[in-house]
Each structure stands twice: as structure tokens, then as C-alpha cells.
Amino acid sequence: MTIINENSFKGYSGNALEVLKKFKAPVWSEVELITAKGSYKGLILPRSETADNLHIVLKMPVGYNIGIAARSIVDIKINGFKEAHYKIPEKEFPYDENKPNVKLLGTGGTIASRLDYRTGAVIPAFSPGELYGSVPELADYCNLHTEKLYGVFSENMGPEQWIGTAKAIGKEIENGAHGIVIGHGTDVMHHTSAILSFMVQNSPVPIVMVGSQRSSDRPSSDAALNLIHAVKTAAESDIAEVMVCMFGPTSDQYGLLHRGTRVRKMHSSYRSTFRTIGDIPIAKVDRESITPLRKDYKKRRKDKNVEINAVFEEKVSIVYYYPNMQPDIIDSLIDNGYKGIVIAGTGLGHVNKPAYAALKRAQEKNVAVYMTVQTLWGYVQMYVYETGREMLQLGVVPAANMLPEVAYVKLGWALGQTGDLEKVKEIMLTPVAGETTEREPSNGYLIYQGGLPEVEEFISKYRK
Ligand code: ASP
């Protein structure tokens, strides 16, 4: 929240309530606040429990809240009044026996949030009735069943929740769900989509992860459309993989279905934040259709068989190399009992010479060390330079074009299964769900790189 602070008007005590009383502007008034620095239009929100009483909090039409020092206000023009809605109406989801059954498992994040006017914060909340009440179109595609597994922002997802989610997916598939949707915070959705791609194998049905960048109380929210796309995919698509379903372009034309091991959050605020890296997305989806962009995906089956291998070794870390990194970074991981380290190296996969002694120690202490690239696109190539070859001798294993975060979760998963580093290597280097590929397509690299003719040509093939 931005705080506009202006102390030039000494006429008031600065108490927000007094100022609102003086101008006869109760909370929930739609107003124009006039200050010396300019005027601000918006909705006056009630003061949150933790906020001071010197500022008036205004919800601006774009959705952001700002705090304005009460003493800076010269006038308040009242334009209207808006009733507060604390709760979305609960409606029972209709049942149609001809429609597929989709299970929505909620873990939290912005998609499950609405603004809590008591604290002024976006809080996780998840109720099936609320979902149907706010996005009734969901009933066009399926019978939706929901269950709240967790109510956390995604940075709080970890091995415990990954294991719990994988097991819940297994149970739903065995119970006959035609598709599964997982509501999740966007920040680390790609970690979860990767680990679920390893923990849940050979699924007969689509497993679609979905989130939203903007909460549903904001006009530009992507929550409803992402949810519609995800539910449609889970109900109707023949793609039986772990996918992430989020906005494709910046506008709301269509969503993209990204393979769970090749996707990454790439923008802190755009709704089109998820991009497939090192490949092209599996398909695009809109309200009417699902259009595959490739053919090599695993197809939906009629059986209910799925393999759940939900294990994770927590003593695994990721080291993002930076110039002048000191070897004690790696030493401290070894000393603290870490069993696996993924390095995100520069270029083709490099770290500086001073790190070599620490890598040697890691090798002696039986710590599994894997190399990935910070460039995200492209492969680790440790045979090109002498430095790479030296690291190979120190036991560093090149992880091809696995994304650093994917290598991190895969290493935790592999070490959860065995402490034998040869077996770990076999697991790491055997692709399970597209996490390493034989080649990366150039038209994937170019996608949405900004008005280039070849990009336009590529995209136009899929545009209606
Ligand atoms: N911080 C939130 C989360 O990742 C953001 C979101 O859901 O988009 O849980």
C-alpha cells in the first residue's frame, strides 16, 4: 500500500475518524479526496485492526489500496456509497449425471483469496459454494467437487504439502475423478507442478494446476477465467499430464497449458506470467476449445491406475552462483548435512575456481552435486571448457536442460528414494515427465519475444 503523507495542513488533529466525520464521509463512501498534492478517487475502506488512525485507506478503481494522511485532506467530495460484501453468496453446485466429475483440490494462494476488510489483507479462503456463486460457468463443463487441502500462500508449500497433495490426487483418481484441478499460489506453482510430475506418474486423467495473479475482488482479476480454463481442461481434454493453466497473452484471449516440468513464473505481476521454458506449451485453451500445440503428450485413459511415489529428502539445496561466490557457501551446506546440491551455474554451467576445493569435499562426503544453467534456455555443456571438465572430475553431474528448480525438486525426490548416488544419478538422468528433452525448439525460445516477424508468424498459426 502506498502512503501519501503530507503534513502541511496543521488544522486537524490528524485523526482519520474526525476528518471523515467533519466531511460527513462514512466508510464505504465513493469519494474524491482533495489534498494539496492532488486528488484521489476511490472507496473509503474501514480501518484495519493493525493500521494507525492517522490515515484514510482508499481503494482505487485499479484495485490497489493507498493510505492518505488524514491531516493532508482539504476536502472530500462524496460520489456514492457501496455496500460491503464480506461473503460471496454460497450456491449449491448443480449435479448432472452426464457431465464428468472434476475434483478441485485447494491449497491456497490468491486464487482462493478475497480481500479481508477486517485486516485489509488478502487472505486465503476456500469454499466450494463460494466458487460456484462467483463463477457459475464452471457448471457448464462438469460436476465440480471441492476439497480444501491447505490454505497457504505458495511460499509455504513444501515437502509436507507436496506429499499430501500427491496422495490426495492418487485417492481422487482411484475414486474415479475424470480430472483434477489444483488451486495454488502462483509464486512457486512451478516447483509444485514439477514435484507432482515426479510423485504422480502415469495418471489416466488431466491434473491441472491453476492460480491467479490478481485477487477476485479486482476488476482485472484473472481468477475466474483461469479457473474456467482449468476446469474445462480437467473435464474435457485428453492430456493426462500435470499441467499449469494460466493466461497465455497479456489480454484474456486464451490460456496456455504448460507441461509441469517445463514451466516457470517469469513476471512478478503480469497475468501472463507463466511461460514454457526450453520447449513450447502443450496446448491453448479458451471457453470453447482446447487446441494442442504438440502431439507428444500422454493421453487420457479409462482405467483408474496411477503410481504415487510421494517421498522427499529435505536436505537438498539450490545454489545460484554469482561472481566472487565464496567456497564457504558450499562448505556450510556440507557441514550442515546436506545430501544434495543443485548449482545454477553461469553460461554452459560454470562456477569459479575457488569453489573447486569445496566441490571436492562434497564428493568425498558423498553429497550429490548437479549442474544446471542460469540462462534457463539451453543445455549444460561441461566438455567445452577446461573448467567444466575439471568439475566433472569432481563429481559434478550435468543435468542437461533441466530447469534449476526442477532439478532441485527432482534431486529431493531421488534422494528420498535412495542414498546410493549411482541410483540417484540414474533417476536424475532418466526423464520422467519431459524435464529434460533431446532438443529445444527455436520457435519456443522466440515465443512472445516482442513483435519479431518470425514470432508473429509462429503465433498466427494458432490464432483464430
Ligand atoms: N503470494 C501468492 C502465492 O503465491 C501469489 C499468488 O497466489 O499469485 O501464494
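In listed order, ligands and their atoms are each counted from 1. As the structure is a prediction and not an experimental result, all values here were calculated from the model.
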Chemist: Between N309 and E307, is any side-chain donor less than 3.5 angstrom from a side-chain acceptor?
Modeler: no

Chemist: Evaluate K265 for polar contact with ligand 1, using N/O atom pairs at a separation under 3.5 Å.
Modeler: no

Chemist: Tell me if the aromatic rings of F198 and W413 count as close, with their centers under 6.0 Å from one another.
Modeler: yes

Chemist: Short list, please: which atoms of ligand 1 are under 4.0 Å from a heavy atom of G109?
Modeler: 7 (O), 9 (O)

Chemist: Hey, is G108 one of the residues with a heavy atom under 4.0 angstrom from ligand 1?
Modeler: no

Chemist: Do H184 and T192 have side-chain atoms, one donor and one acceptor, less than 3.5 Å apart?
Modeler: yes

Chemist: What residue and atom, counting heavy atoms only, is the protein's closest point to atom 1 (N) of ligand 1, and at what distance?
Modeler: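 Scanning the protein heavy atoms, the shortest distance from atom 1 (N) of ligand 1 goes to D187 OD2, 2.9 Å.
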
Chemist: Kindly confirm or rule out a cation-pi arrangement of K299 over Y297, judged by NZ or CZ under 6.0 Å from the six-membered ring centre and within 45° of its axis?
Modeler: yes

Chemist: In the protein, which heavy atom is nearest to atom 4 (O) of ligand 1, and how far is it?
Modeler: S154 OG, 2.5 Å

Chemist: One residue to check: H184. Relative to ligand 1, which of side chain, backbone, both or neither has a non-hydrogen atom less than 4.0 Å away?
Modeler: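 Neither part.
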
Chemist: Is the shortest distance from a heavy atom of M189 to ligand 1 less than 4.0 Å?
Modeler: no

Chemist: With heavy-atom distances below 4.0 Å as the criterion, list the atoms of ligand 1 near T110.
Modeler: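 So the answer, numbered in order with elements, is 2 (C), 5 (C), 6 (C), 7 (O), 8 (O).
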
Chemist: Mind telling me whether W162 and Y408 have parallel, tilted or perpendicular rings, with 30° and 60° as the class edges?
Modeler: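 Rings of Y408 and W162: perpendicular, as their planes differ by over 60°.
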
Chemist: Need the ligand 1 atom indices (1-based, order shown) with element for anything under 4.0 Å from a heavy-atom of S212.
Modeler: 6 (C), 7 (O), 8 (O)

Chemist: Can you confirm if the NZ or CZ of K284 lies within 45° of the ring axis of Y254 and under 6.0 Å from the centre of its six-membered ring?
Modeler: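 Because its charged atom sits under 6.0 Å from the ring centre and within 45° of the axis, K284 does stack over Y254.
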
